[in-house]
Asker: 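What follows is a structure written as structure tokens; I'll ask about it next.
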Protein chains: 2
Amino acid sequence: MDRRRKKTRNAIFTAFTALLEKKTYSALTVQDIIDEADIGRSTFYAHFETKDELLKALCKDIFDHVFPSEIMSEEKHDFSHHSSFSDRITHILYHIREKQQNIKGLFTGECGEIFMGCLKEYLFRVFDDRLTEDSPVPRSYRLDHAVSSFAETLRWWLREHSEYSPEQISSFYFASVPIPKD
Amino acid sequence: MDRRRKKTRNAIFTAFTALLEKKTYSALTVQDIIDEADIGRSTFYAHFETKDELLKALCKDIFDHVFPSEIMSEEKHDFSHHSSFSDRITHILYHIREKQQNIKGLFTGECGEIFMGCLKEYLFRVFDDRLTEDSPVPRSYRLDHAVSSFAETLRWWLREHSEYSPEQISSFYFASVPIPKD
DNA sequence: ATAGTTACAGAACAAAGTGTCAGATAACTT
DNA sequence: AAGTTATCTGACACTTTGTTCTGTAACTAT
């Protein structure tokens, strides 16, 4: 990828994240981003069709870091030789905390819907093979519940309770959701 | 309240809900609502300052119906003589299903954030006194988890699994969340 | 019933944002 | 060194926004 392209893309991401600390997502205009990133109008549209596409691209960037391929279900075979499921969850929590500053503003406000939606897509793949087989409750419900609960746990954590450690958060989660820890 | 005011307010609500089935919330303009409701421009602004305020008002209207005062925690004393907590939950589920058509579009898309936020405010009051006292997990987390899980349960139900009865949904919920049923 | 109040329609308005397009310059690739 | 690609500046028509004005119709209270 062209250096110039990388540089501009990054400038847009940085401006976007910075602005989200001052304004809400819906109040944020493309014009604001252009001014903050100090780029030409057409340059923005050369990178992203809309504000929503920009947000989605940013989410993907973040989650590709938070969920490295060895943590995803598909590759779990290598991983599970070394560690339990709750270890995988704790790993994810550490990665989330690293990106805390970028993520915080995305949980709240109107962009939360898109951000949480993207987060859940990744989580579905993490939790998909962790459900017990026999239950009177539909599998679809249990998977949705495990995923949604974890996503909301992250939101609760970063919103106002970041004093807890990743290990503590993990224990809170497994104490509240019927998912085996290993 | 003035008849004319009620009538116009209702026309706006109706137009708004109707439009949400064709367009997403963020793509919806005040102009669209004005045209659909067939009212003057200044009339809209005489009722609501912004699109968001309109949405919030609609949410309040819906939830004041879904959560009648006798179901809310404050008034539980009268209620609990006759029925268990899971009965109260089932009552809520019936009310939700009644308003299904109005609610469905509000769960998804960009307005979901505001809608879910409003829903949770009501739910916090319903669940506040239903938590067990002694637990190693912080009370704040357990309350947030119970509320979020229930809100997401409703979303799951109406999104793609409305074939289940309120009683079934209630049983799925209590099977997955550590909250006493009575 | 009459007088006073309140809500609405219609139209006009400036201000701001949107998305696109052309031409010029600079940075990159081979 | 030549060709490609990304960016920049400026401009464009268009839509949306929120406000203000005037006249008219509907309501309320005495």
Side-chain angles (χ1 to χ4, degrees), chain A residues 1-61 105-106 109-115, chain B residues 1-61 105-106 109-115:
Chain A
M1 196 186 211
D2 201 314
R3 276 181 218 157
R4 292 168 297 175
R5 214 173 159 72
K6 266 188 205 165
K7 201 177 147 195
T8 305
R9 189 183 161 92
N10 224 55
I12 294 177
F13 279 157
T14 308
F16 184 60
T17 338
L19 284 169
L20 271 181
E21 293 181 8
K22 302 173 204 164
K23 283 188 169 193
T24 65
Y25 177 73
S26 62
L28 204 62
T29 65
V30 174
Q31 193 62 51
D32 291 332
I33 302 168
I34 288 168
D35 293 342
E36 176 80 17
D38 195 32
I39 57 171
R41 176 158 200 77
S42 47
T43 306
F44 177 88
Y45 286 105
H47 282 259
F48 305 103
E49 287 194 355
T50 63
K51 206 173 55 168
D52 279 7
E53 293 303 318
L54 162 59
L55 174 55
K56 284 176 194 164
L58 177 59
C59 291
K60 199 180 176 316
D61 262 34
L106 299 176
E110 313 83 345
C111 55
E113 198 64 28
I114 293 175
F115 179 75
Chain B
M1 197 189 210
D2 201 314
R3 277 181 217 157
R4 292 169 296 176
R5 218 175 155 70
K6 265 187 205 165
K7 202 177 147 194
T8 305
R9 188 183 163 91
N10 224 56
I12 294 176
F13 279 156
T14 307
F16 184 61
T17 339
L19 286 169
L20 272 180
E21 295 181 8
K22 302 172 203 165
K23 284 187 170 192
T24 66
Y25 177 73
S26 63
L28 205 62
T29 66
V30 175
Q31 192 62 51
D32 291 332
I33 302 168
I34 288 168
D35 292 342
E36 176 81 16
D38 195 32
I39 57 171
R41 177 160 199 77
S42 48
T43 305
F44 177 88
Y45 287 104
H47 282 260
F48 306 102
E49 287 193 356
T50 63
K51 207 173 55 168
D52 278 8
E53 293 303 316
L54 162 58
L55 174 56
K56 284 175 194 163
L58 178 59
C59 291
K60 198 179 177 315
D61 262 34
L106 299 176
E110 312 84 346
C111 54
E113 199 64 30
I114 293 176
F115 180 74

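Naming convention: chains lettered A, B, ... in sequence-line order (proteins, then strands); numbering from 1 in each chain.
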Asker: Grab the CG-C1' distance between A:Leu28 and C:dG17 for me, whole Å please.
Answerer: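 Atom CG in A:Leu28 sits about 13 Å away from atom C1' in C:dG17.
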Asker: Output the single nucleotide from C:dT18, C:dT6, D:dG18 whose closest atom is nearest the side chain of A:Gln31.
Answerer: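 For A:Gln31, the side-chain atoms sit closest to C:dT18.
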Asker: Examine C:dA7: is either OP1 or OP2 under 4.0 Å from a nitrogen or oxygen in the side chain of B:Thr43? Give yes or no.
Answerer: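 The answer is no; no side-chain N or O of B:Thr43 sits under 4.0 Å from OP1 or OP2.
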Asker: Over how many whole Å does the gap from B:Lys7 atom NZ to D:dA25 atom P extend?
Answerer: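 Distance check: B:Lys7 NZ to D:dA25 P gives 14 Å.
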Asker: Any salt bridge linking A:Asp32 with A:Lys22? Criterion: basic side-chain nitrogen under 4.0 Å from a carboxylate oxygen.
Answerer: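 The answer is no: the pair does not qualify as a salt bridge.
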Asker: Looking at every heavy atom in both B:Phe13 and B:Asp61, which two are closest together, and how far apart are they?
Answerer: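 Looking at all heavy atoms of both residues, the shortest contact is CE1-OD2, 3.5 Å.
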Asker: In whole angstrom, give the distance that lies between atom CD1 of A:Ile39 and atom C1' of D:dA6.
Answerer: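 So the CD1-C1' distance, A:Ile39 to D:dA6, works out to 12 Å.
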Asker: Quickly work out the B:Tyr45 OH to C:dA7 P distance and round it to whole Å.
Answerer: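 Those two atoms, OH and P, are 19 Å apart.
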Asker: Search all heavy atoms of B:Glu113 against all heavy atoms of A:Gly109 and return the closest pair with its distance.
Answerer: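 So the two residues come closest at CG-O, 2.8 Å.
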Asker: Is the glycosidic torsion of D:dT9 within 90° of 0, making it syn, or is it anti?
Answerer: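 Here the answer is syn: the torsion falls within 90° of 0.
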Asker: Check the distance between D:dT20's P and B:Phe44's CZ and give it to me in whole angstrom.
Answerer: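 Answer to the nearest Å: 17 Å.
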Asker: Name the nucleic acid region contacted by B:Arg3, choosing base, sugar-phosphate or nothing; use a 4.0 angstrom heavy-atom cut-off, strictly under.
Answerer: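 The residue B:Arg3 makes sugar-phosphate contact but no base contact.
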Asker: Assuming nearest nucleotide by heavy-atom distance, tell me which of B:Arg41 and B:Asp2 is located more 5' along DNA chain C.
Answerer: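 The 5'-side residue here is B:Asp2.
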Asker: Figure out the CG/P separation between A:Asn10 and D:dT7, and round it to whole Å.
Answerer: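 Going from CG in A:Asn10 over to P in D:dT7 covers 12 Å.
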Asker: When you check the phosphate oxygens OP1 and OP2 of D:dA6, does a side-chain N or O of A:His47 lie under 4.0 Å from one of them?
Answerer: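 Negative; the distance criterion is not met.
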Asker: Using a 6.0 Å cut-off, check whether atom CD of B:Glu49 has over 12 heavy atoms from anything other than its own residue.
Answerer: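 Check fails, neighbour count at 12 or below.
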Asker: Return the nucleotide paired to C:dA22: Watson-Crick means purine N1 to pyrimidine N3 with N6-O4 or O6-N4, wobble means G-U with N1-O2 and O6-N3, both under 3.5 Å.
Answerer: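 Looking at the geometry, C:dA22 pairs with no nucleotide.
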Asker: Classify B:Asp38 by what it touches in the nucleic acid, base, sugar-phosphate, or nothing, heavy-atom distance under 4.0 Å.
Answerer: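 Sugar-phosphate contact only - B:Asp38 comes under 4.0 Å of backbone atoms but never of a base.
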Asker: Under 4.0 angstrom, heavy atoms only, what part of the nucleic acid is B:Arg5 near: base, sugar-phosphate, or nothing?
Answerer: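 Result for B:Arg5 = sugar-phosphate.
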Asker: Does a sphere of radius 6.0 Å around CD in B:Glu53 hold more than 12 heavy atoms from other residues, nucleotides or ligands, not counting ones at 6.0 Å or beyond?
Answerer: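 For B:Glu53, atom CD is crowded (more than 12 foreign heavy atoms under 6.0 Å).
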Asker: So what does B:Thr8 hit on the nucleic acid, given a heavy-atom distance under 4.0 Å: a base, only sugar-phosphate, or nothing?
Answerer: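 Touches sugar-phosphate only.
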Asker: Between A:Ser42 and C:dT20, is there a contact of a side-chain N or O with OP1 or OP2 at under 4.0 Å?
Answerer: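 No, A:Ser42 has no side-chain N/O under 4.0 Å of OP1/OP2 on C:dT20.
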Asker: Rounded to the nearest angstrom, tell me the gap between atom NZ in A:Lys51 and atom P in C:dG17.
Answerer: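 For the pair A:Lys51 NZ and C:dG17 P, the rounded distance is 11 Å.
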Asker: Does C:dC8 pair with anything, Watson-Crick or G-U wobble, both distances under 3.5 Å, and if so, with which nucleotide?
Answerer: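 Paired with C:dC8, as far as the under-3.5 Å criterion goes, is D:dG23.
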Asker: May I ask you to decide if B:Tyr25's main-chain N or O and B:Lys51's side chain share a donor-acceptor pair within less than 3.5 Å?
Answerer: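 Side chain of B:Lys51 to backbone of B:Tyr25: a pair is present.
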Asker: Starting at the 5' end of DNA chain D, which residue's closest nucleotide do you reach first, B:Glu49 or B:Arg4?
Answerer: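 Of the two residues, B:Glu49 wins.
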Asker: Check every atom of D:dT19, C:dT18, C:dA7 against the side chain of A:Val30 and return the nucleotide holding the closest atom.
Answerer: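 So the nucleotide nearest the side chain must be C:dT18.
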Asker: Measure from CG on A:Asp32 to P on C:dA16 and round the result to the nearest Å.
Answerer: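 My rounded result for the distance is 12 Å.
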